[in-house]
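One structure is given here, and the rest of the page talks about it.
Just so it is clear, the model here is predicted, and its values are computed rather than measured.
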Amino acid sequence: MYLADRSAPSGAKTAPPDRGSGRTPAVASTVLALGTVSLITDISSEMVTAVLPLYLIAGLGLSPLGFGALDGVYNGVSALVQLTGGHLADRVRNHKLVAGIGYGLSALCKPLLLLAHSLGPISVILALERTGKGLRTAPRDALISLATPDELQGRAFGVHRAMDTTGALLGPLAAFLILGVAADGYDAVFGVSACVAVLGVVVLMLFVPSGAGDTPPRPAAAPPAPRAAPARPKPVRLRDATALLRLPRLRALALCAVLLGLTTVSDAFVYLLLQRRTGIDDQWFPLLPLGTAAVFLLLAVPAGALADRIGRRTVFLAGHALLLAAYGLLLWAPEWPVLPYLVLALHGMFYAATDGVLPAAVAATVPESLRATGLAVVGTGQALARFACSLAFGGAWTLWGTGPALAAAAAGLLCCAAVAGYVLRPSPPAPAVPAAPAPPDPARRP
């Protein structure tokens, strides 16, 4: 029972084994280098994300509906650009270049937050920052998948997500410390975030290889005989990208990512709901993402390895069941002192079981020449669905209140998870065809 077919499709390639040691390394050096870049970049991004809801709602007086619209734009722009970034990386055949442009654009936007103190400019800056994120996501994930054998995709993405989440863990902690000691706390957070983002770009340019693989050079041998130059690969066209949706398994993955994204409440809303439900003081609000990040960090690699072993479909759907349990606690649990810890633990387990498992499943269904585009197709659908969820949930909160809005999201998640389980069900094995009897040998006498 796999979320994606375990066998690679025609034309898909994986990194060859390490010939020097005779076995395939568990994690390629490309994955570790990209994980380091993501760790540094996420420290920068999460410093801003941790204080942004409080800054906009408590500082600028934004309504929940307004914040839902802004949060939707924050993620929706990234979704729309992600498809462009994936196709562009495949077309120019340089995933590192496109990813570097995305990281650089996001870093450039961080210091601009120091100059913006009203909703309009902040919205434009956040849209540009998300544009950078959209450009880099698919090429980065393509580099990870192309450097990793198919049977270890879940583990590789789990390692990357664990390193990425380490940054998500350190970012809110840094924001909390800065707010506690700086006189002008929010501007100090934005300034430090800009410096850290630049460091991430430098690490990308210096340590991430441009190629997909990590195969060590072979020992010197006799010079090979001259041969004809290899044929130049065909350029990737837009029609090739659209033809990806003809792959039944990729189409099923995209459909399920959209359905489940429509009922995945934004992290910022989860933390705001938890604060209102438990009465957590504003001073401690930036620390709430730490709970999610800590659990995600601990379980990302085990969840990825488990998905490789028992099936990505099973782990992916189990993750959404854990998110549904978190919704239930926010709705109906009594005033337990451990309620915040339980909700944050379930939230982190949800991400550990889904965030790396989905791209690992997609990578197993897409040819190498269109790897970034295929990852972007599914990622764009999921992000656009979450954009719609942010708008809908913010409006429902404003009109009906938190309880009915979250109850509607929980009911939708239950229904969509049931549909996804049916769509992603294992294909029945093809019936065995009996072998035709061998024709009689004319040379043999009766």
Side-chain angles (χ1 to χ4, degrees), residues 3-4 9 11-14 28 30-31 33-35 37-38 41-42 45 74-106 128-148 153-154 156-157 160-161 164 200-201 204 208-212 235-238 240-245 247 249-251 253-254 257-258 261 354-387:
L3 184 62
K13 296 181 182 179
T14 55
T30 298
V31 178
L34 286 168
V37 174
S38 293
T41 303
D42 239 39
S45 298
Y74 193 61
N75 294 292
V77 170
S78 173
L80 292 174
V81 178
Q82 187 175 159
L83 194 58
T84 302
H87 178 65
L88 182 62
D90 285 335
R91 188 174 183 85
V92 303
R93 301 187 185 280
N94 194 330
H95 298 93
K96 178 183 174 179
L97 174 63
V98 179
I101 293 173
Y103 279 108
L105 180 59
S106 294
L128 289 175
E129 200 277 336
R130 292 294 93 179
T131 299
K133 179 176 175 59
L135 283 174
R136 70 180 185 248
T137 298
R140 179 203 65 200
D141 285 351
L143 283 169
I144 294 171
S145 68
L146 292 172
T148 308
Q153 293 279 337
F157 278 102
H160 174 267
R161 293 324 193 244
D164 181 87
V201 177
L204 173 76
V208 175
S210 297
V236 176
R237 298 168 298 178
L238 188 59
D240 300 325
T242 56
L244 281 176
L245 289 176
L247 299 175
R249 206 60 181 172
L250 183 67
R251 193 165 59 241
L253 287 169
V258 169
T354 59
D355 196 64
V357 173
L358 181 60
V362 175
T365 68
V366 181
E368 177 185 329
S369 60
L370 292 169
R371 186 66 52 84
T373 304
L375 288 164
V377 166
V378 177
T380 297
Q382 183 183 56
L384 287 176
R386 291 182 177 180
F387 164 69

Can you confirm whether [X] sits close enough to [Y] that some side-chain heavy atom of one is under 4.5 Å from a side-chain heavy atom of the other?
| X | Y | answer |
| --- | --- | --- |
| Gln382 | Leu358 | yes |
| Leu375 | Val366 | no |
| Val37 | Tyr103 | yes |
| Val258 | Leu384 | no |
| Ile144 | Thr30 | no |
| Leu253 | Arg251 | no |

Backbone N or O of [Y] within a donor-acceptor pair of the [X] side chain at under 3.5 Å?
| X | Y | result |
| --- | --- | --- |
| Gln153 | Ser145 | yes |
| Thr365 | Leu250 | no |
| Lys96 | Val208 | yes |
| Thr380 | Val377 | no |

Working to the nearest 0.5 angstrom, can you tell me the gap between [X] [atom1] and [Y] [atom2]?
| X | Y | atom1 | atom2 | value |
| --- | --- | --- | --- | --- |
| His95 | Leu146 | NE2 | CG | 6.0 Å |
| Glu129 | Ser45 | CD | OG | 5.0 Å |
| His87 | Leu244 | NE2 | CG | 10.5 Å |
| Leu143 | His160 | CG | NE2 | 10.0 Å |
| Arg130 | Leu135 | CZ | CG | 12.0 Å |
| Thr373 | Asp90 | OG1 | CG | 3.5 Å |

field: Partners passing side-chain hydrogen bond (donor to acceptor under 3.5 Å, both in side chains) against Arg140 (at least two apart in sequence or in another chain)
entry: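 side-chain hydrogen bond (donor to acceptor under 3.5 Å, both in side chains) list for Arg140, sorted by chain: empty.
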
Can you name the nearest heavy-atom pair linking [X] to [Y], along with the distance?
| X | Y | value |
| --- | --- | --- |
| Pro139 | Ala89 | CG-CB, 3.7 Å |
| Asp141 | Pro359 | OD2-CB, 4.3 Å |
| Gly374 | Val362 | O-CG1, 3.7 Å |
| Leu204 | Gly100 | CD2-CA, 3.3 Å |
| Ala156 | Val31 | O-CG1, 3.6 Å |

query: Is the shortest distance from a Lys or Arg side-chain nitrogen in Arg161 or Asp42 to a carboxylate oxygen in the other one below 4.0 Å?
result: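 No, no charged N to carboxylate O under 4.0 Å.
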
- prompt: Cut-off 3.5 Å, side chains only: do Thr41 and Arg136 have a donor facing an acceptor?
  reply: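 Short answer, no.
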
